[in-house]
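Since the structure comes first, as structure tokens, the remarks are kept for the end.
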Number of protein chains: 4
Amino acid sequence: MTDRSIAIPDAAADKRRLILDAAVRVFARSGYHGARVGDIAEEAGVAHGLLYHYFSSKEEVLATVFRENWRALLETLHRVEADDEPADEKLRGVTKVILRSWRNDPDLVRVMVREVARSPHLQAQVDEVREVFLVLQRIVEEGQAKGVFRRDLDARLASWIIYGGLEEILTGWVLGQLPDGDDEVARAERTILDVVCGGLVVR
Amino acid sequence: MTDRSIAIPDAAADKRRLILDAAVRVFARSGYHGARVGDIAEEAGVAHGLLYHYFSSKEEVLATVFRENWRALLETLHRVEADDEPADEKLRGVTKVILRSWRNDPDLVRVMVREVARSPHLQAQVDEVREVFLVLQRIVEEGQAKGVFRRDLDARLASWIIYGGLEEILTGWVLGQLPDGDDEVARAERTILDVVCGGLVVR
Amino acid sequence: MTDRSIAIPDAAADKRRLILDAAVRVFARSGYHGARVGDIAEEAGVAHGLLYHYFSSKEEVLATVFRENWRALLETLHRVEADDEPADEKLRGVTKVILRSWRNDPDLVRVMVREVARSPHLQAQVDEVREVFLVLQRIVEEGQAKGVFRRDLDARLASWIIYGGLEEILTGWVLGQLPDGDDEVARAERTILDVVCGGLVVR
Amino acid sequence: MTDRSIAIPDAAADKRRLILDAAVRVFARSGYHGARVGDIAEEAGVAHGLLYHYFSSKEEVLATVFRENWRALLETLHRVEADDEPADEKLRGVTKVILRSWRNDPDLVRVMVREVARSPHLQAQVDEVREVFLVLQRIVEEGQAKGVFRRDLDARLASWIIYGGLEEILTGWVLGQLPDGDDEVARAERTILDVVCGGLVVR
DNA sequence: GATGAATGAGATTTCATTCAT
DNA sequence: AATGAATGAAATCTCATTCAT
């Protein structure tokens with residue numbers, strides 16, 4: 001085989017990546033404030049000074065973790081939005097993407113939910129965060145336009161409510177308060193769509 | 001002699017109370033980590049040493065802020081729960097209580113949303129937090145038992161979803177991302193009930 | 001005796017003073033950059049944190065050392081300037097004040113000569129430094145006006161030259177390059193006045 | 001093939017020279033402590049690692065700057081000293097050499113005056129510095145022997161005073177406190193010789 | 001109760017220097 | 001010779017907490 005990057009993955013593993021991955025684990029374990037720069041470096045197996053070779057500060061490490069992963073999330077959501085499907089199906093897609101991230105990378109979700117979502121850090125990234133709400137809002141509006149969703153609802157508020165429900169379930173898992181497991185994720189998917197689309201009330 | 005607390009209210013003004021109120025403002029402004037004990041004392045107009053006369057640590061100040069106010073919230077919610085009303089009306093009551101807290105005391109909401117809700121501090125108070133979910137869950141279950149709400153939904157998950165929606169709207173106000181004002185609070189109330197009870201989908 | 005400040009001087013010794021005095025010794029010994037904040041605190045017999053109770057930074061300690069002592073020097077020089085004496089006698093007064101400071105407080109002179117005089121720190125205090133030159137310049141100008149000193153000389157440049165001669169002699173003592181002792185100070189006084197007033201050249 | 005150093009001068013440009021010249025500029029701009037090795041390398045247009053190929057440390061760079069230039073100064077002064085001229089003319093020569101260095105290479109003078117002259121670095125080079133005083137001292141002594149200069153003065157102290165006057169004028173220019181320009185340099189030359197040789201006092 | 005001087009553990013950050021490539 | 005990623009010692013400064021008054 002010719003591709004050496006596969007043959008010797010670790011040699012090629014760039015330290016910046018190592019540091020970012022370590023940071024996710026350490027932030028997940030200790031929280032942003034509880035995490036010492038030295039802990040991250042140790043977890044990454046590098047000298048702590050190297051962290052400052054790649055990032056200007058501990059906060060920039062967190063910001064980078066957020067930025068890179070949020071961007072990936074946004075891309076996925078944009079693909080879902082672009083799908084040729086009815087609005088309720090798109091909502092299912094968004095729900096899947098967000099809820100399944102928990103099983104996929106629990107540490108990352110831990111960090112995103114606890115350190116970024118409502119925290120005072122990274123308020124600069126407000127625009128990036130807002131875009132998730134906008135995706136949801138556009139889906140709701142599309143549903144309203146197509147007559148799938150009720151038109152008497154404020155689409156913006158609805159998007160915040162939906163996102164809140166999703167994030168709260170992630171939070172339940174993060175805090176160990178909601179039962180975990182693939183089945184539970186599937187059940188949560190169903191439930192949120194049932195509640196949000198169908199409503200609690202018996203028809 | 002008559003009640004001095006009326007005669008000289010300010011002199012009698014409990015310094016402990018002063019400190020707690022100041023703490024809310026400072027935590028709201030700077031976040032828990034950004035708030036220095038000296039800032040709180042200064043805001044309260046007392047020497048910072050005095051804080052340690054009433055509280056064992058800065059964290060205990062936050063814990064006390066949380067405890068006292070959360071307890072008040074719980075009492076209110078318990079009263080709503082005990083009302084002799086159908087489940088959907090109780091849901092409306094809970095929604096009102098929670099959303100109106102924003103207009104009532106924005107700084108307090110800021111602190112509760114940002115520093116307590118999902119943060120690593122105060123995990124000890126998990127039981128108190130859980131009780132809010134349980135109130136919601138019991139209301140949902142009651143609705144299911146009475147045939148008002150659909151029975152095919154997981155009541156626990158539903159309660160998390162509802163709470164998430166409520167908290168996210170508070171967050172929107174806290175972050176200045178959702179429009180503020182009495183009308184907006186009323187609209188938010190309506191919307192969350194419409195979404196959660198009626199569902200998005202056209203019947 | 002009633003004055004307790006004399007009875008218990010050390011109890012009254014305020015820590016700020018202790019820190020400043022220690023700083024002079026440590027700066028003299030190690031230079032500003034070589035001096036660690038911890039060294040100063042240790043020399044003063046206090047915790048290093050206390051230094052930040054009184055000063056905002058290590059640099060402010062140096063600035064304060066400079067400011068307080070330079071101000072004292074200026075006051076003395078102003079008194080000399082105000083004396084009712086001929087210009088050449090005033091020059092003798094200035095010379096005495098400056099050169100005798102060496103015997104008086106060698107550590108302080110060390111710090112002033114090495115860390116302040118031409119260093120990049122404390123450029124903010126330029127005005128205070130300039131005043132010494134101005135005192136000299138005014139004395140020279142007064143001498144010129146009274147016909148004691150030659151009028152064909154630039155008084156400003158002359159003041160810089162005189163001050164340079166004085167400071168260089170201090171430097172010689174600081175660096176251990178010029179012989180030290182009361183006699184030597186007296187000889188230096190005589191020499192600088194001989195050179196500056198009388199000139200090298202035989203008449 | 002012809003001399004490549006002419007054909008491709010820049011390629012041949014000694015990196016060591018590049019680094020030294022850059023160091024003078026950076027030391028002049030930021031001071032020795034404020035100058036980072038990386039700054040010097042950047043100013044020189046080379047990687048900072050290369051600096052350690054030519055010098056053992058940052059301090060050695062400063063020492064080299066000092067050594068090479070001081071040596072050049074000494075050679076010039078020695079030539080002046082060896083001239084077949086009366087002592088006062090030799091003094092004029094020394095004055096010219098020292099004061100004109102300012103217009104010639106202000107950055108270098110800045111570094112020499114601020115970082116070397118009285119600083120704790122490079123105390124090893126004390127002998128080299130002393131030689132300048134010795135040149136002056138020998139000129140003064142020669143003048144005394146020849147009957148041109150007064151014999152009742154301590155020649156060593158006189159040499160320190162003269163050097164101090166010269167250096168202080170350089171300092172005035174370095175600090176931007178004395179007016180700059182060719183005319184001013186000429187005036188400074190005249191003034192220092194007038195003061196030192198003729199004295200302030202009217203005869 | 002009230003004050004604020006005093007403490008000191010601890011954290012981030014800097015940057016000269018090394019060394020594999 | 002040349003590069004710049006990597007190291008890690010070291011230093012300043014912060015701030016929660018204590019305690020004498």
Side-chain angles (χ1 to χ4, degrees), chain A residues 11 14-16 18-19 32-42 44-61, chain B residues 11 14-16 18-19 32-42 44-62, chain C residues 11 14-16 18-19 33-42 44-61, chain D residues 11 14-16 18-19 32-42 44-61:
Chain A
D14 92 271
K15 302 280 173 85
R16 186 176 173 282
L18 242 42
I19 290 169
Y32 175 74
H33 281 102
R36 283 163 299 184
V37 169
D39 295 339
I40 298 172
E42 194 186 11
V46 303
H48 70 272
L50 189 58
L51 192 145
Y52 291 91
H53 191 75
Y54 292 109
F55 308 96
S56 65
S57 67
K58 177 178 148 184
E59 177 155 0
E60 220 219 49
V61 175
Chain B
D14 195 357
K15 299 274 175 88
R16 185 175 172 284
L18 242 43
I19 291 169
Y32 174 73
H33 279 102
R36 283 164 300 185
V37 169
D39 295 340
I40 298 172
E42 194 187 11
V46 302
H48 66 273
L50 189 57
L51 191 144
Y52 290 90
H53 190 75
Y54 293 108
F55 307 96
S56 66
S57 68
K58 176 177 150 184
E59 177 156 358
E60 220 221 48
V61 175
L62 178 60
Chain C
D14 91 273
K15 302 280 173 82
R16 184 176 174 283
L18 241 43
I19 290 169
H33 281 103
R36 284 163 298 182
V37 169
D39 294 340
I40 298 172
E42 194 186 10
V46 301
H48 71 272
L50 189 58
L51 192 144
Y52 291 92
H53 191 74
Y54 292 110
F55 307 97
S56 65
S57 67
K58 177 178 147 184
E59 177 155 1
E60 220 221 46
V61 175
Chain D
D14 196 357
K15 299 277 173 86
R16 185 177 173 282
L18 243 41
I19 291 170
Y32 175 72
H33 278 103
R36 283 166 299 186
V37 170
D39 294 340
I40 299 172
E42 194 187 11
V46 302
H48 67 271
L50 189 58
L51 191 143
Y52 290 89
H53 191 75
Y54 293 108
F55 308 95
S56 66
S57 68
K58 176 178 150 184
E59 177 154 0
E60 221 221 45
V61 175

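Throughout, protein chains are lettered first and strands after them, A, B, ... in sequence-line order, and every chain is numbered starting at 1.
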From A:E42 atom CD to A:R36 atom CZ, the distance as rounded to the nearest 0.5 Å =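 One finds 8.5 Å between CD of A:E42 and CZ of A:R36.
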Pairwise distance NZ(C:K15) to NE2(C:H53) - rounded to 0.5 angstrom =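 C:K15 NZ to C:H53 NE2: 10.5 Å, rounded to 0.5 Å.
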Return the value, rounded to whole Å, for the distance between atom [atom1] of [X] and atom [atom2] of [N].
X     : N      : atom1 : atom2 : answer
C:R36 : F:dA9  : CZ    : P     : 15 Å
D:H33 : E:dT14 : NE2   : P     : 17 Å
D:L18 : F:dT3  : CG    : P     : 11 Å
A:E42 : F:dG8  : CD    : C1'   : 14 Å
A:E60 : E:dT13 : CD    : C1'   : 14 Å
A:E59 : E:dT13 : CD    : C1'   : 14 Å
B:I19 : F:dT17 : CD1   : P     : 14 Å

At under 4.0 Å between heavy atoms, what does C:A41 touch on the DNA or RNA strands: base, sugar-phosphate, or nothing?
->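 Answer is nothing: C:A41 stays at 4.0 Å or more from every strand.
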Between B:Y52 and C:K58, which is nearer to the 5' end of DNA chain F once each is assigned its nearest nucleotide?
->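 Looking at DNA chain F, the more 5' nearest nucleotide goes with C:K58.
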Assign each of B:V37 and C:G38 to its nearest nucleotide of DNA chain F by heavy atoms, then name whichever residue's nucleotide is nearer the 5' end.
->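 Looking at the nearest nucleotide for each, C:G38 comes out on the 5' side.
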For nucleotides 4-6 of chain E, list the nitrogen or oxygen atoms of the protein found under 3.5 Å from its nitrogen or oxygen atoms, one pair per line.
from	atom 1	to	atom 2	distance (Å)
E:dG4	N7	B:G49	N	3.4
E:dA5	OP2	C:H53	NE2	2.4
E:dA5	O5'	C:H53	NE2	3.3
E:dA5	N6	B:H48	NE2	2.9
E:dA6	OP1	C:K15	NZ	3.3
E:dA6	OP2	C:Y54	OH	2.4

Neighbour count above 12 (heavy atom, 6.0 Å) for A:E60 CD |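 Count over threshold, so yes.
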Do C:F55 and C:I19 come within less than 4.5 Å of each other through their side chains, counting heavy atoms only?
->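 Yes, at least one pair of side-chain atoms sits under 4.5 Å.
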Would a 4.5 Å heavy-atom cut-off, applied to side chains only, mark D:V37 and D:Y52 as touching?
->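 Yes, at least one pair of side-chain atoms sits under 4.5 Å.
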Toward the 5' end of DNA chain E, by each residue's nearest nucleotide, C:L51 or B:G45 |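 The answer here is B:G45.
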Name the pairing partner of E:dG4, where a pair is Watson-Crick or G-U wobble with both distances under 3.5 Å, or state none.
->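 Pair assignment: E:dG4 / F:dC19.
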Ignoring hydrogens and angles, tell me if any N or O in the side chain of B:K58 forms a donor-acceptor pair with the backbone of B:Y32 under 3.5 Å.
->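 Yes.
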side-chain contact (heavy atoms from CB on, under 4.5 Å) between C:L51 and C:V46: does it pass, once the steps are laid out?
-> CA-CA 8 Å; C:L51 192 144; C:V46 301; over 6 Å; no
